[in-house]
Engineer: 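The structure under discussion is supplied below as structure tokens; questions concerning it will follow.
The analysis underlying the following values was restricted to heavy atoms, covering all of them including side chains, and did not include hydrogens, waters or symmetry mates. Keep in mind it's a predicted model, so treat the numbers as computed, not measured.
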Amino acid sequence: MNWEIFSEASTWLLYLQGMEGTFVMLGGLLLCGGIAGLIFALMLCSRSPVLRGIASSFTYVVRGTPLLIQIFLIYYGIAQLDWVRSHWDTIWFLEPFKSAMFCAMLAFSINHAGYLAEILAGAIRDTSKGEVEAGYAMGMSRFQVLRRIILPSAMRRALPPYTNEVMQMMHGTSLASTIPAMLELTAAAQKINRDYYLTFEAYLFAAGLYLVLTFTLMGIFRLIEKRYTAYLQPRTH
């Protein structure tokens, strides 16, 4: 194996830029996907069959199709639609779709929202009826019960599966390397491989960086879980 290339500053700079791209995508999808996921979770738990049907259809399609195909549909597919092609340079809201980062982040956010909606919906349904009844007994409105009791309780229970989902999405950002001109961690390894023909070294180094990012995020989420889900753990005497 040849590791001399990794002693050069340009190689480290390339990987650092790739890590920056990964962090930007991860932060964007967690924010946008988190907001959308919460909305769809509330729709799944709604009393309205129309809202439940819309949310169920969304999560079914998102979870039933590969993330890579979703990326291709947004980045390549939208630009091929006749209406979009005829208005590509005149409609302002089509401008962001010319950005590889925007398309990748949109695909990741939609995918994350589909999985997060089911996680949160399950946690909301598992909320103790006693907690809800206690809120109403104290004179809270339905919205206040949702905001002060149901959502805080559900989010605490949803933390462990949400942690796994975040890890999956961070690894999933590597699929953005299939988009031209997109620079993230896997794309950085691909560039090293193309320039120096060091396949094993380039991807092994990227794998090591992914491991560091994974264990760092896991450590952060473990601290959060320890802080907010301590009351859910069985007591030992």
Side-chain angles (χ1 to χ4, degrees), residues 13-46 48-121 162 165-166 168-195 206:
L13 179 61
L14 179 62
Y15 276 101
L16 288 175
Q17 290 174 339
M19 291 180 67
E20 180 184 3
T22 297
F23 273 125
V24 169
M25 284 190 293
L26 183 62
L29 73 89
L30 292 181
L31 176 62
C32 300
I35 295 173
L38 175 59
I39 293 173
F40 280 108
L42 295 176
M43 292 172 64
L44 285 171
C45 299
S46 172
S48 169
V50 175
L51 293 179
R52 289 199 308 270
I54 294 173
S56 296
S57 299
F58 171 77
T59 59
Y60 178 81
V61 171
V62 168
R63 298 193 302 160
T65 55
L67 175 56
L68 183 59
I69 291 181
Q70 295 169 15
I71 294 173
F72 285 165
L73 285 175
I74 292 176
Y75 184 72
Y76 295 107
I78 290 179
Q80 294 181 355
L81 298 176
D82 292 337
W83 183 87
V84 174
R85 293 174 65 179
S86 61
H87 298 83
W88 190 249
D89 296 321
T90 58
I91 305 299
W92 63 269
F93 61 78
L94 294 177
E95 191 67 26
F97 287 92
K98 299 179 182 179
S99 166
M101 175 64 78
F102 175 83
C103 291
M105 198 175 297
L106 178 60
F108 291 134
S109 298
I110 292 174
N111 187 272
H112 181 59
Y115 284 91
L116 179 59
E118 291 290 349
I119 293 174
L120 288 177
Y162 179 68
E165 168 62 14
V166 172
Q168 292 285 350
M169 290 308 304
M170 189 194 70
H171 297 154
T173 58
S174 62
L175 295 176
S177 61
T178 59
I179 299 178
M182 187 70 199
L183 181 60
E184 46 77 53
L185 195 48
T186 301
Q190 289 178 339
K191 188 175 189 309
I192 294 296
N193 181 39
R194 288 194 304 267
D195 293 346

Engineer: Can you tell me how far CD of Gln17 sits from NZ of Lys191, rounded to the nearest 0.5 angstrom?
Structural biologist: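 CD of Gln17 is found 9.5 Å from NZ of Lys191.
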Engineer: Name the orientation class of the two ring planes belonging to Tyr162 and His112 (parallel below 30°, tilted from 30 to 60°, perpendicular beyond 60°).
Structural biologist: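 Ring orientation, 0 to 90° scale: tilted.
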Engineer: With rounding to the nearest 0.5 angstrom, report the CE to CE distance, Met101 to Met25.
Structural biologist: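 One finds 5.5 Å between CE of Met101 and CE of Met25.
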Engineer: Is there side-chain contact between Tyr75 and Leu106, with heavy atoms separated by less than 4.5 Å?
Structural biologist: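 No, every pair of side-chain atoms sits at 4.5 Å or beyond.
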Engineer: I need the Glu20 CD to Leu13 CG distance, nearest 0.5 Å.
Structural biologist: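 Here the interatomic distance stands at 10.0 Å.
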Engineer: Under the criterion side-chain contact (heavy atoms from CB on, under 4.5 Å), which of Thr65, Ile69, Ile71 is the partner of Leu67?
Structural biologist: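 Passing option: Ile71.
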Engineer: Would you confirm whether Thr186, through its side chain, and Ser177, through its main-chain N or O, come within 3.5 Å as a donor-acceptor pair?
Structural biologist: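 Not confirmed, Thr186 side chain does not pair with Ser177 backbone.
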Engineer: Show the nearest heavy-atom pair for residues Ala113 and Ala36, with the distance to one decimal.
Structural biologist: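 Looks like CB-CB, 3.7 Å.
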Engineer: If we ignore hydrogens and angles and just use 3.5 Å, is the side chain of Glu165 paired with the main-chain N or O of Leu116 as donor and acceptor?
Structural biologist: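 Pair absent, no side-chain N/O of Glu165 close to backbone of Leu116.
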Engineer: Roughly how far apart are Glu118 CD and Tyr60 OH, rounded to 0.5 Å?
Structural biologist: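 OH of Tyr60 is found 12.5 Å from CD of Glu118.
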Engineer: Quick one about Thr173 and Glu184 (side-chain donor to acceptor, distance below 3.5 Å, no hydrogens or angles considered), yes or no?
Structural biologist: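 Note: Glu184 and Thr173 side chains miss the donor-acceptor criterion.
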Engineer: When you look at OH of Tyr76, are more than 12 heavy atoms from neighbouring residues, nucleotides or ligands closer to it than 6.0 Å?
Structural biologist: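 It does: Tyr76 OH has more than 12 such atoms within range.
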Engineer: Working to the nearest 0.5 Å, report the span between CG of Leu68 and OG of Ser174.
Structural biologist: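 Result: 9.5 Å between the selected atoms.
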Engineer: Evaluate the side-chain proximity of Leu30 to Met169: yes if any heavy-atom separation is below 4.5 Å, no if none is.
Structural biologist: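 Met169 does not reach Leu30 side chain to side chain.
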Engineer: What distance separates Ile74 CD1 from Ile110 CD1, expressed to the nearest 0.5 Å?
Structural biologist: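 These two atoms lie 4.0 Å from each other.
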Engineer: For Phe40 and Ala117, which heavy atoms make the closest approach, and how far apart are they?
Structural biologist: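 Nearest heavy atoms, Phe40 then Ala117: CB-CB, 3.7 Å.
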Engineer: Of all heavy-atom pairs between Val61 and Gln70, which one has the smallest distance, and what is that distance?
Structural biologist: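 So the minimum-distance heavy-atom pair works out to O-NE2, 4.4 Å.
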Engineer: Any idea which heavy atoms bring Ser109 and Gly28 closest together, and the distance?
Structural biologist: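 Smallest heavy-atom distance, with atoms named: OG-O, 3.9 Å.
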Engineer: Work out which heavy atom in Ile179 is nearest to a heavy atom in Ala100; give both atom names and the distance.
Structural biologist: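 The answer is CG2-CB, 3.6 Å.
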Engineer: Which heavy-atom pair separates Met19 from Leu185 by the least distance, and what is that distance?
Structural biologist: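 Nearest pair, atom of Met19 first, then Leu185: CG-CD1, 3.7 Å.
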Engineer: Can you name the residues that form a side-chain contact (heavy atoms from CB on, under 4.5 Å) with Ile35, not counting sequence neighbours?
Structural biologist: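 Testing Ile35 for side-chain contact (heavy atoms from CB on, under 4.5 Å), a comparison that skips the adjacent residues, returns Leu31, Ile39.
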Engineer: Testing Leu38, Leu44, Leu42 one by one against Leu120 for a side-chain contact (heavy atoms from CB on, under 4.5 Å), which residue passes?
Structural biologist: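 So, applying the side-chain contact (heavy atoms from CB on, under 4.5 Å) to Leu120 and each of Leu38, Leu44, Leu42, only Leu38 qualifies.
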